[in-house]
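One structure below.
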Amino acid sequence: MSAAPAYSEDKGGSAGPGEAEYGHDPASGGIFSSDYKRHDDLKEMLDTNKDSLKLEAMKRIVAMIARGKNASDLFPAVVKNVACKNIEVKKLVYVYLVRYAEEQQDLALLSISTFQRGLKDPNQLIRASALRVLSSIRVPIIVPIMMLAIKEAASDMSPYVRKTAAHAIPKLYSLDSDQKDQLIEVIEKLLADKTTLVAGSVVMAFEEVCPERIDLIHKNYRKLCNLLIDVEEWGQVVIISMLTRYARTQFLSPTQNESLLEENPEKAFYGSEEDEAKGPGSEEAAAAALPTRKPYVMDPDHRLLLRNTKPLLQSRSAAVVMAVAQLYFHLAPKAEVGVIAKALVRLLRSHSEVQYVVLQNVATMSIKRRGMFEPYLKSFYIRSTDPTQIKILKLEVLTNLANETNIPTVLREFQTYIRSMDKDFVAATIQAIGRCATNIGRVRDTCLNGLVQLLSNRDELVVAESVVVIKKLLQMQPAQHGEIIKHLAKLTDNIQVPMARASILWLIGEYCEHVPRIAPDVLRKMAKSFTAEEDIVKLQVINLAAKLYLTNSKQTKLLTQYVLSLAKYDQNYDIRDRARFTRQLIVPSEQGGALSRHAKKLFLAPKPAPVLESSFKDRDHFQLGSLSHLLNAKATGYQELPDWPEEAPDPSVRNVEVPEWTKCSNREKRKEKEKPFYSDSEGESGPTESADSDPESESESDSKSSSESGSGESSSESDNEDQDEDEEKGRSSESEQSEEEGEKKKMKKRKKVPEGQREGSSSDEGSDSSSSSSESEMTSDTEEEQVEPASWRKKTPPSGKSAPAAKEISLLDLEDFTPPSVQPLSPPTVVSTSLAADLEGLTLTDSPLVPSLLSPVSGAGRQELLHRVAGEGLAVDYTFSRQPFSGDPHMVSVHIHFSNSSDTPIKGLHVGTPKLPAGISIQEFPEIESLSPGESTTAIMGINFCDSTQAANFQLCTQTRQFYVSIQPPVGELMAPVFMSENEFKKEQAVEESLKVFE
Amino acid sequence: MIHSLFLINSSGDIFLEKHWKSVVSRSVCDYFFEAQERATEAENVPPVIPTPHHYLLSVYRHKIFFVAVIQTEVPPLFVIEFLHRVVDTFQDYFGVCSEPVIKDNVVVVYEVLEEMLDNGFPLATESNILKELIKPPTILRTVVNTITGSTNVGDQLPTGQLSVVPWRRTGVKYTNNEAYFDVVEEIDAIIDKSGSTITAEIQGVIDACVKLTGMPDLTLSFMNPRLLDDVSFHPCVRFKRWESERILSFIPPDGNFRLLSYHVSAQNLVAIPVYVKHNISFRDSTSLGRFEITVGPKQTMGKTIEGVIVTSQMPKGVLNMSLSPSQGTHTFDPVTKMLSWDVGKINPQKLPSLKGTVSLQAGASRPDENPTINLQFKIQQLAISGLNPPLFAKEDWP
């Protein structure tokens, strides 16, 4: 194998951009060399039908590619082998294709049919890899083929193929951004996927293609939260950062009431949240508490996110830990952010690159939340083996963390650092000392003394840096430090660093009245050496001369004129300018410039002391952990972290419609039912604790609290459950893959729950609620469904508006409604608020004030729309669900309840042409295909009554008949509860529009 | 996300490149070389370098820079973590990760990289899966391959990627089933010149080598799990079980892996098992200085201290050192001013010491900084934190 003589070939024939000039690599040679002959060789080898020769040739070609050599002229020879039987040859051909197809598009098309065949293969892995290569070859002509392939793969049976489809989406998007709309459809579909394998990849595709379509996430939010822990690490990072942005748009700021907390500090830590946790369900308590307590209630979904991400702080991947840390920093209430400190400190023992990134983020955080890292102060101590960039970042953090109490230790550390051999680091240390001195008044003098001592250091850099810092410190309290200024003046003889000289001159000029005898002398010396000085020093000499001239013109008049004349002929125009300007100002000319009278005011005006602050001060407007934050500049494609919304957006958008879903619901329900009586004891568990508790321990605590009022066995029971749950977690992804599995689990659940029920009923207070739930236990699935929504709805109300709303509604109830018909099985199911699995995550403790807006369904009762006689067996009732209608905020959502009491199936139920008064509009429910005898179902529709009580008339059509029906809303149903203080109310009252609503 | 990867050796040659999207010209690395020059030392090259159209994120390991090129916003740790994972994978594959080894196995490296990322997004990063896709080269396999013409690429399709435990390959079979766990603890301490400990912390890892048939589900518990202050796990460990019961429950990957790493924070309790007596002085008048250090054991609980290595960075003014050790060997590099002394075992009866004189640059003033001394040592069979080895390891597998 000869050493490459023929790079000229590479250069001549290369189509690769910018490749050619790098052709020469001394390390190359041996078998990787290439010339015409060798390429012929390779071609021959590829043309044989011996696999081993082909393989050898392909290996050499790939090696060429890896070294950045051009192998594009082999394309025709290689592409022929795309259908080769040998799997390794095939793989290498794929590698080659992906690299060069872009350059040789026409030839690349020859290979497409092979992949298309692969897409139909019965083996999922072959399907996946065919799609992967097909989507990687970047040939615009095949965009339609890719689109088709992606769409098909997105509904493939195998989750692995679906994952590959998700990967292919951004590839296609980068090739042809016109496909965006179609791709978004695919993304939407894949987002609904329930497997962990797909989740990470599709969110990544989402972030690249349509990060602005946050509305696509709503329905999948809870699912993503719950899957998170089982997604692979890379996916976790992407999902977490996306969810951070999502949460910022959908939830209210948990810190908005912080000022309130600070007013009563003794409560600050737990008190506030405790209130929150107290008495879920008991509306009066909440309502009574309202005037004194903060109205903020964390949305249960918000809590779900925080809780489900927390265990990931223990991930081995630094990226995941950082992602969770930034999520907590941006989303968690102040009291809970602390948990991330420990994990971040742990990352400091990782590779230095990781440290670098983490320290940057810690530096930013430590400005905002100093207390968080204070316990870990020592972890930021500098090791002699750290690279300089790490040392400087650690110094930054130490400075941010320094406070009245720990400053002595910090300063002692700094003293050691000053003796380091790393000069950049020493300079940074001196600046850090300066910053400590400005921030903490108590140690200012100590610091200043220390710095003055450094002035006798033999290292010029140290001295220079000290001078600069001393200058800044002196500016804060110049009066007491005449001595130091004198000392500095002496240094002008020795110090050569321009910045330091300039600083000294400025100091002397500024405070010349403190050193009246020395100042002129310094000027004399400087005048002598003026021509040899650096520009920055010259400018300060001019300044000094001007100031002295104004204060002590007798001694310095001539000197000043001398300096100004020197400056007049300086090479630098800045200096000439300054000299001219200064002369005009201070030397009164005949014309008597008006300004020169004020020269003293101009030059010797008191100047504010400089503020020494961290360079990380305002970095937190970038999302932490992002590239943009690290660079402190917006990177391409950076998604701004939105501000918290003022008003919470509609939380019901996250409700998921899964009527057939019953898994896990029993346990949920049980919790729900028990709530009223254990709530008090639960109130004691602080916010952090509830955040700690995962679904299992949650249920554990639930059952514990219930056991307080009766049986003591419940803990053992919950243990069982724990284990069960664990097992499940470990294999949860598995379970999601097949329906049957889910079914099995349902069975498991059902077996288990009655146990808990028995216990529940042993406790007195709980008896009726739990017995009712255990009753439903026995009943069929469908009935269960009907019960659940009631409880589910209780949990997911719009949070911010809750408590006062409760009052309002109960009042309205009295006025406008017939007494509620108590019908436990009544409420319609359609908006069963979420996957039960999602609910698994919800903490009840966080939604105490919440259950208010929800009472409605049972309370409002049903109105008849169509009697079963009139409807020929079809009976239709309706209720106002009092939930915001997800499609349009102006619409009132109405649940329509159909039941078929005839003995033939009713088909094609839908809304016919409505005849509506002006302004009223209807959002119809989706057509109900068929309703078999004895069955009943529920649909949801939205009506915009346009603030009138006029009836909405429309036709209800079946395949055979049409019924005219009308819905007339009671006034109360047209109102949305709004929380406002008395003042706000008065303000609103003044506004005409609002009056209209309140009429 | 990750657009391209360049491998650059310490002399500045790009010896491997891989592109996952369209090709990025090598000339982008010029920005990196610029930064490298500015940084003087390899460790000081900033991990993130912005250029007009790209961002370069690099890690430096085994004297190789792994430079990733990215174009859009992405969490930097994401990329850095991935690059480290690449290095770990190479190490896993070839035993060492060095320039010659990568060059020798360039095709395997290229194939592995191809599998690890798809369009710049990580696809298969678990070594168990990768090894199923592309078999690591062994001497035996190389011989067999040359004779039979078979290949390194797995001939069956990998199934691990599809399984619920993506870290473990399926169908593992061993005749001898065995599992080993190594507890490795490191003390990291800063001690000031008077000998008092400024900070000390213990970090530990449990490395495992598990060779078990099928899908074993293991449980591991500690005598005193409360000691572990801060833990991070391999993804196979079930978080919840640890949270609630302090028991490690996991389905292990096949082969070697790091089960968990932990941190013991009890700062005051850390007893440093060695001490160093030092007497280093430079005199102004002569250009000579005295240098003497002695290393001795304390509180070792009867264990011997082994593998002691003392290194110290001398000030710039030091020209040369003439030293004589009582045991071991020492070297002084006059260019980097690095003194290193390989002591070996410490014999408590006869403490090792290093004595001699330091010659300073004539005319230069006395260096005013004190050299820092780094000391490394090993103690076998001792967990300094007092973490007891696992009480029991229960295995149940079908």
Side-chain angles (χ1 to χ4, degrees), chain A residues 17-18 22 25 27 52 59 62-63 66 68 87-88 91 95 102 125 132 138 160 167 170-171 204 234 237 311 314 316-319 322 342 346 349 351-354 356-357 378 381 384 387-389 419 421 458 625-628 630-631 635-638 694 697 722 726 729-731 733-734, chain B residues 13-17 22-23 25-27 43-44 46-48 50 55 59 71-78 80-81 84 106-107 110 114 118-119 121-122 149 151 153 155 157 161-162 164 166 190 198-199 203 230-235 238-241 244 263 313 315 365 368-370 372 374:
Chain A
Y22 294 95
D25 175 1
S52 58
K59 277 189 172 171
V62 168
I87 197 159
E88 183 161 23
K91 246 187 188 166
V95 166
E102 209 176 2
L125 287 157
R132 195 177 154 204
R138 292 183 299 275
Y160 185 64
H167 276 274
K171 295 185 206 168
M204 200 265 310
W234 314 107
V237 177
Q314 290 181 322
R316 67 167 170 176
S317 157
M322 189 66 230
K342 194 189 262 181
R346 185 182 69 231
R349 291 169 225 133
H351 299 285
S352 85
E353 294 87 6
V354 176
Y356 177 80
V357 178
K378 286 192 169 177
Y381 280 4
S384 62
T388 311
Q389 48 186 355
R419 278 185 227 117
M421 271 176 262
R458 250 168 307 124
S626 69
L627 185 63
S628 307
L630 189 93
L631 299 169
T636 3
Y638 173 70
D694 34 63
S697 58
D722 262 2
D726 252 5
K729 271 284 154 191
R731 304 182 179 122
S733 43
E734 184 181 18
Chain B
D13 294 325
I14 303 172
F15 65 91
L16 191 125
E17 63 179 63
S22 42
V23 179
S25 156
R26 281 182 166 208
S27 55
E43 290 86 19
N44 273 330
V48 182
Y55 303 94
V59 305
Q71 239 171 354
T72 49
E73 168 69 47
V74 54
L77 272 183
F78 184 95
I80 288 170
E81 181 78 26
H84 281 299
V106 71
V107 176
Y110 202 83
E114 177 77 28
D118 180 19
N119 194 36
F121 191 77
T151 66
V153 168
D155 39 5
L157 293 156
Q161 244 164 336
L162 308 171
V164 271
I190 305 176
I198 307 254
T199 81
Q203 304 148 40
D230 181 25
V231 199
S232 71
F233 299 113
H234 189 274
R238 297 184 179 102
F239 281 122
K240 312 250 157 153
R241 191 84 187 274
S244 54
H263 174 61
Q313 173 79 51
S365 55
D368 50 4
E369 58 280 282
N370 293 324
T372 31
N374 294 315

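Throughout, a chain's letter reflects where its sequence line sits, starting with A, and its residues are numbered from 1. We use all heavy atoms of the structure for the numbers below, so side chains are in, but hydrogens, waters and symmetry mates are not.
- Using a 4.5 Å cut-off between heavy atoms, Arg138(A) touches chain B through its side chain atoms alone.
- Side-chain atoms of Thr636(A) come within 3.5 Å of backbone N or O of Gln71(B) as a donor-acceptor pair.
- Between Asp230(B) and Lys342(A) no salt bridge is recorded (no basic side-chain N to carboxylate O distance below 4.0 Å).
- Using a 4.5 Å cut-off between heavy atoms, Tyr110(B) touches chain A through its side chain atoms alone.
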Q: Let me see the working for Tyr356(A) and Leu630(A) under side-chain contact (heavy atoms from CB on, under 4.5 Å), right down to the final yes or no.
A: CA-CA 10 Å; Tyr356(A) 177 80; Leu630(A) 189 93; 4.3 Å; yes
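- Most heavy-atom pairs under 4.5 Å with chain B: of the set Ala635(A), Ser352(A), Pro170(A), Gly637(A), this distinction falls to Ala635(A).
- Both the backbone and the side chain of Glu81(B) come within less than 4.5 Å of a heavy atom in chain A.
- Proximity to chain A is limited to the side chain of Ile80(B), based on heavy atoms less than 4.5 angstrom apart.
- In terms of heavy-atom pairs under 4.5 angstrom with chain A, the leader among Asn44(B), Val48(B), Val74(B) is Asn44(B).
- Contact annotation for Val237(A): only side-chain heavy atoms (C-beta onward) come within less than 4.5 Å of a heavy atom of chain B.
- In this structure, chain B has a heavy atom under 4.5 Å from the side chain of Glu102(A), while its backbone stays farther away.
- Of all the listed residues (Gly625(A), Ala66(A), Pro387(A)), the one sharing the greatest number of non-hydrogen pairs under 4.5 Å with chain B is Ala66(A).
- Heavy atoms closer than 4.5 Å to chain A are found in both the backbone and the side chain of Phe78(B).
- Side-chain N or O atoms of Glu73(B) include one that pairs as donor or acceptor with a backbone N or O of Leu627(A) at under 3.5 Å.
- Side-chain N or O atoms of Glu17(B) include none that pairs as donor or acceptor with a backbone N or O of Ser25(B) at under 3.5 Å.
- Only the side chain of Asn374(B) comes within contact range of chain A, with at least one heavy atom under 4.5 Å from a heavy atom of that chain.
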